[in-house]
Each structure stands twice: as structure tokens, then as C-alpha cells.
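Heads up: the structure comes next, in C-alpha cells.
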Amino acid sequence: MNTTKFLPLFALIVVTACGNAPLSKEKQLKEDLTQMELLAESKKTSELMDYFDENFRPENGMSKKDIQRLLHFRFMKHKTVHITQVLKETQWLSDNEVKIEVVAALGGTPLTDLTTLSEARAQLLKFNVVLKRHDVHFKIKSAQWQHAYPTDFL
């Protein structure tokens, strides 16, 4: 039997079995934040809600279902959604929990440069969010938000 025919197959099985190493918590957090942004821009409310902890409670008393309705209404109201976000602060509370401050510009057209932020017709928001890692992904445990100003993006 000729073993050289099976060598490529064996190599493929070994490479596949090894898989990728898990991402660091910092890289996983950034990847999850990017994925949330992409889902919001694609108006995929249900998939975006998968990134909310099942016990999610914002400080204003809204429920997870209220947030879903609010997002759905906002997405229906606007033809396109473009988000420009800046991660301002990261505070690790534990290996599986992090508090972040993010400022975001939500508009109908993409912002190519933050220097044009003051002229943009975008809604500026500041979020203080606690995320908790469940298995691999970080999910939103709690959130506060308020209006932001162009200087918050600096």
C-alpha cells in the first residue's frame, strides 16, 4: 500500500483537529464589539439581542424586550444605519467581566473622518456598559447611555 497517497489526508486531519487557539479576552471583547456593530448596521435585531445577557437590565428600568422594540423601531425608521464607535475606557472587573465606555455616532451615512463629526447629522451617544463572558462571547449585562458631544470622541 502506498502511504504517500494518505499523507496529505493525514496532514489535513491533524491541522483540522488542532483548530485555532482561543482568543485573549481583550481580542474577544473587540471582536464581539465589532460583531455587534455589524449586526446593528445590518439591522439584524434578533441576532444583536443574542449579545444581551438573559438577565440584562438597563438602569432606566427598560426590559430586554423593550430594548429590542426600541432597536427594531429605530432600524425601521432609517433606511440605512452607520455606526462609528470609539472605545474610550476599559476596566476589567474580573477575567470574565469588563466595564467599558464607548462613544458612538449613529447616522444615515458613513463617517469617514471624525473631524467632520460636528457637521454630521448623526446622533451622538455615550454608553457605559458592563459585559460578562458566557462561554466564549461577551454579552451585555447592564448599560447606561446618554447624549454625547463631538469632544467626547477625542
Side-chain angles (χ1 to χ4, degrees), residues 10-78 80-115 117 120 122-154:
F10 177 73
L12 179 64
I13 291 170
V14 169
V15 169
T16 306
C18 291
N20 293 334
L23 296 176
S24 70
K25 63 184 181 182
E26 293 84 2
K27 287 183 181 179
Q28 185 62 55
L29 174 64
K30 287 184 182 187
E31 191 172 286
D32 287 339
L33 292 173
T34 299
Q35 184 62 26
M36 288 181 220
E37 179 181 335
L38 292 173
L39 289 171
E41 288 181 335
S42 301
K43 301 181 177 186
K44 295 183 177 178
T45 311
S46 296
E47 292 175 42
L48 181 59
M49 294 310 295
D50 290 341
Y51 279 94
F52 283 76
D53 186 271
E54 62 185 48
N55 297 317
F56 169 77
R57 283 275 181 222
E59 286 196 4
N60 62 7
M62 296 175 79
S63 70
K64 185 176 172 181
K65 198 67 169 168
D66 293 333
I67 297 294
Q68 184 173 6
R69 285 186 196 110
L70 178 75
L71 289 170
H72 185 71
F73 177 72
R74 168 112 19 204
F75 294 158
M76 285 181 58
K77 185 177 175 182
H78 299 283
T80 58
V81 177
H82 295 278
I83 301 170
T84 302
Q85 67 172 325
V86 176
L87 182 60
K88 297 295 287 184
E89 199 174 305
T90 305
Q91 178 186 1
W92 289 97
L93 306 174
S94 72
D95 272 349
N96 292 319
E97 197 167 76
V98 61
K99 182 178 182 180
I100 62 170
E101 180 181 273
V102 178
V103 288
L106 293 81
T109 57
L111 269 173
T112 55
D113 187 359
L114 288 178
T115 60
L117 195 56
Q123 183 178 13
L124 308 179
L125 295 169
K126 183 188 299 187
F127 296 92
N128 289 301
V129 183
V130 175
L131 297 109
K132 186 172 184 180
R133 186 168 30 188
H134 294 272
D135 296 323
V136 176
H137 296 286
F138 283 91
K139 294 189 177 192
I140 300 170
K141 182 178 172 183
S142 66
Q144 294 177 306
W145 59 89
Q146 62 190 22
H147 291 286
Y149 301 95
T151 54
D152 291 326
F153 286 79
L154 302 175

* Structure fact -> When every non-hydrogen atom of Gln85 is compared with those of Leu33, the smallest separation belongs to NE2-O, 3.6 Å

* Structure fact -> To the nearest 0.5 Å, atom CD of Gln35 lies from atom CZ of Phe138 at 15.0 Å

* Summary of salt bridge (Lys or Arg N to Asp or Glu O under 4.0 Å) pairs that have at least one residue in residues 66-75, sequence neighbours excluded -> Asp66-Arg69

* Structure fact -> Closest non-hydrogen atoms of Gln68 and Ser46, given as atom of the first, atom of the second and distance, are NE2-OG, 3.9 Å

* **Over 12 non-hydrogen atoms of neighbours within 6.0 angstrom of NZ in Lys99** => no

* Asked: Roughly how far, to the nearest 0.5 Å, is CZ of Phe52 from NZ of Lys65?
  -> 13.0 Å

* To do: Decide yes or no for Leu93 and Gln91: does some side-chain heavy atom of the first lie under 4.5 Å from some side-chain heavy atom of the second?
  => yes

* Looking only at non-hydrogen atoms, find the nearest pair between Arg133 and Asp95 and report the distance. => NH2-O, 2.8 Å

* Asked: Between atom CE of Met36 and atom CG of Leu39, what is the distance when rounded to the nearest 0.5 Å?
  -> 9.0 Å

* Structure fact -> residues 26-54 vs salt bridge (Lys or Arg N to Asp or Glu O under 4.0 Å), sequence neighbours excluded, gives none

* To do: Could you check if a side-chain atom of Leu124 sits within less than 4.5 angstrom of a side-chain atom of Phe153, using non-hydrogen atoms only?
  => yes

* For atom NZ of Lys132, decide whether the heavy atoms of other residues, nucleotides or ligands shown that lie under 6.0 angstrom number more than 12. => no

* Kindly determine whether Ile140 and Phe127 satisfy side chain to side chain contact (heavy atoms under 4.5 Å, CB included), including the steps that lead there. => CA-CA 11 Å; Ile140 300 170; Phe127 296 92; over 6 Å; no

* Minimum heavy-atom separation for Leu125 to Ala148, with atom names? -> C-CB, 3.6 Å

* Ignoring hydrogens and geometry, is there a side-chain-to-backbone donor-acceptor pair from Thr90 to Ile100 under 3.5 Å? -> no

* Got more than 12 heavy atoms from elsewhere within 6.0 Å of NE2, His72? -> no

* Could you state the interatomic distance from CG (Leu48) to CG (Leu38), rounded to the nearest 0.5 Å? -> 10.5 Å

* Taking all non-hydrogen atoms of both residues into account, name the closest pair between Thr80 and Gly108 and its distance. => OG1-O, 2.6 Å

* Structure fact -> Taken to the nearest 0.5 Å, the spacing of His82 NE2 from Leu111 CG works out to 10.0 Å

* Distance, nearest 0.5 Å, that separates NE2 of His137 from CG of Leu23 -> 9.5 Å

* **side-chain hydrogen bond (donor to acceptor under 3.5 Å, both in side chains) partners of residues 140-154, not counting sequence neighbours, each pair once** => Glu59-Gln144, Glu97-Lys141

* To do: Search all heavy atoms of Met49 against all heavy atoms of Leu71 and return the closest pair with its distance.
  => SD-CD1, 4.0 Å

